[in-house]
Amino acid sequence: MNSLIPVILGMAAVTYGPRLIPFLLMTHKQVPRRLDAFLKCIPVAAIGALIIPGVFSATPDMPLAAGSGMVFTMIIGLWRGGIIIPVLGSVAVTCLILFFAG
Amino acid sequence: MTRDAQDAIKAGIPIFIGYVPAAIAFGILSKGCGITLLECFLFSAVVFAGASQFIALNLLMTGMGPGGIILTTLLVNFRHFLMSAYLSTRIEKMAKKNIFLMAFGVTDEVFSVLSFKKGIISPKFIYILQWSAYSGWVSGTVAGYVLGGFLPEILTKSMGVALYALLLAILLPEIKQSVKALILTITSGVLNTILIKLDILPNGWNIIVCIIVIAFFGSFFISGEIKEAAYE
């Protein structure tokens with residue numbers, strides 16, 4: 001096989017470009033209101049699509065395991081907030097269910 | 001340690017935990033495809049984009065040439081253009097020199113954490129977060145290549161859930177306050193599911209269509225709130 005390094009560098013360039021260009025175009029002028037509203041909606045739109053439907057196949061043999069982990073995150077997150085405990089707890093819950101019921 | 005650094009570490013740990021098993025899988029797969037350790041390391045160290053690296057390995061095995069692989073990578077990773085566009089509105093007062101390093105680390109998870117951080121995002125917060133993500137991805141890749149499947153399968157699968165749990169955990173405070181945010185999130189997930197089932201778009205474009213369509217409708221939806229804010 002030929003060296004992959006040129007392909008890897010090409011992939012790096014086309015990955016870095018789209019990540020960088022918006023920052024270069026950034027101006028300190030006021031953005032039009034409609035565009036501003038559009039940009040503000042990007043995070044929730046992206047996260048919705050990043051979670052669903054991927055989460056349902058996170059533990060493909062037993063979707064219930066990942067599902068239970070997510071329910072744990074939701075309960076602790078709504079009740080107390082935070083990141084570490086809801087996330088590590090969901091990993092622990094998933095792991096226990098896979099271990100005992102898998 | 002400042003509050004900012006602590007918060008960044010708290011958000012960085014779940015990303016690290018989530019990236020390691022995926023990176024190990026990438027390392028193992030690369031070795032199986034017969035590429036060298038250096039090439040495998042460079043994939044993760046200079047491309048630093050999960051899904052597209054797996055797709056590239058697949059395409060290599062099917063015998064696709066460099067042009068096709070690079071074009072596919074561009075399509076798969078183009079969603080980060082939208083994510084960076086949003087982030088660029090949140091870092092107004094940041095020095096220009098930070099932009100070049102920071103842009104390199106805009107992954108889905110880093111973007112998600114940054115976008116839901118309240119107030120101004122400091123360079124320190126960004127770099128700690130990105131370093132957690134990058135170190136997990138690169139070290140996991142090398143470990144997977146060299147050591148193979150050294151972690152029990154149950155553990156790697158459970159660790160993979162960390163990324164979804166992280167996304168949910170940072171989203172919850174937002175959707176607790178705003179029914180509109182909840183509706184937009186769920187609609188986006190439903191649209192993504194439909195698009196994946198239809199399977200008509202190239203790799204990586206389902207999510208781009210979701211972001212554009214949902215944010216477009218959302219922009220009409222939330223315009224009232226923005227107007228109010230402008231009059232305050």
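Numbered from 1 within each chain, the chains take letters A, B, ... in sequence-line order.
Side-chain contact between B:Phe43 and A:Val7: absent, with no pair of heavy atoms (C-beta onward) separated by less than 4.5 Å. In this structure the side chain of B:Glu39 reaches within 4.5 angstrom of the side chain of A:Ser3, judged on heavy atoms. Contact of the B:Asn192 side chain with the A:Pro53 side chain is registered, since non-hydrogen atoms from C-beta on lie closer than 4.5 Å. Residues B:Lys157 and A:Asp61 have side chains in contact (heavy-atom distance under 4.5 Å, counting atoms from C-beta outward). For the pair A:Thr15/B:Phe48, no side-chain contact is recorded, criterion being any heavy-atom separation below 4.5 Å from C-beta on. Looking at B:Phe111 and A:Pro43, their side chains come closer than 4.5 Å, going by heavy atoms from C-beta outward.
Between B:Asn77 and A:Pro18, the shortest heavy-atom contact is O-CB, 4.4 Å. Of all non-hydrogen atoms in B:Leu168 and A:Ile51, the two that sit nearest each other are N-CD1, 3.9 Å. Counting all heavy atoms, side chain and backbone alike, B:Ala165 lies closest to A:Ser90 at CB-OG, 3.1 Å. Shown here for B:Tyr164 and A:Leu50, the closest heavy-atom pair between the two residues is CE2-O, 3.4 Å. Here the closest non-hydrogen pair linking B:Ala56 and A:Met11 is CB-CE, 3.6 Å. Residues B:Met83 and A:Ala46 approach most closely at CE-CB, 4.3 Å, considering heavy atoms.
For B:Phe100, the parts sitting under 4.5 Å from any heavy atom of chain A are the backbone and the side chain alike. Using a 4.5 Å cut-off between heavy atoms, B:Leu38 touches chain A through its side chain atoms alone. Only the side chain of B:Ile13 comes within contact range of chain A, with at least one heavy atom under 4.5 Å from a heavy atom of that chain. If you measure heavy-atom distances from B:Leu74 to chain A, the contacts under 4.5 Å come from both the backbone and the side chain. Within the 4.5 angstrom heavy-atom criterion, atoms from both the backbone and the side chain of B:Ile70 approach chain A. Using a 4.5 Å cut-off between heavy atoms, B:Lys10 touches chain A through backbone and side chain atoms alike. The parts of B:Ile211 that come within reach of chain A are both its backbone and its side chain, each placing non-hydrogen atoms under 4.5 angstrom from that chain. Only the side chain of A:Leu88 has a heavy atom closer than 4.5 Å to any heavy atom of chain B. For A:Tyr16, the part lying near chain B is the side chain, with the backbone staying farther off; criterion is any non-hydrogen pair under 4.5 Å. For chain A, the nearby part of B:Leu171 is the side chain; its heavy atoms alone come within less than 4.5 Å. Heavy-atom distances place both the backbone and the side chain of B:Thr107 under 4.5 Å from chain A.
Rounded to the nearest 0.5 angstrom, A:Phe23 CZ and B:Ser84 OG are separated by 4.0 Å.
Interface check for chain A: of the options B:Cys210, B:Gly67, B:Ala85, the most heavy-atom pairs under 4.5 Å are formed by B:Ala85. Of the listed residues (B:Leu167, B:Leu184, B:Leu163), the greatest number of heavy-atom pairs within a distance under 4.5 Å of chain A belongs to B:Leu167. Chosen from B:Ile154, B:Asp7, B:Ile214, the residue pairing most often with chain A at heavy-atom distances under 4.5 Å is B:Ile154. Looking only at heavy-atom pairs under 4.5 Å with chain B, the residue among A:Val93, A:Ile8, A:Ile21 that has the most is A:Ile8.
Of the possible polar contacts, none joining the B:Ser219 side chain to the A:Ala37 backbone as a donor-acceptor pair under 3.5 Å is found.
Applying the salt bridge (charged side-chain N to carboxylate O under 4.0 Å, His left out) criterion to B:Lys197, with sequence neighbours excluded, gives no partner residue. Applying the salt bridge (charged side-chain N to carboxylate O under 4.0 Å, His left out) test to A:Arg19 and every residue at least two apart in sequence or in another chain returns nothing.
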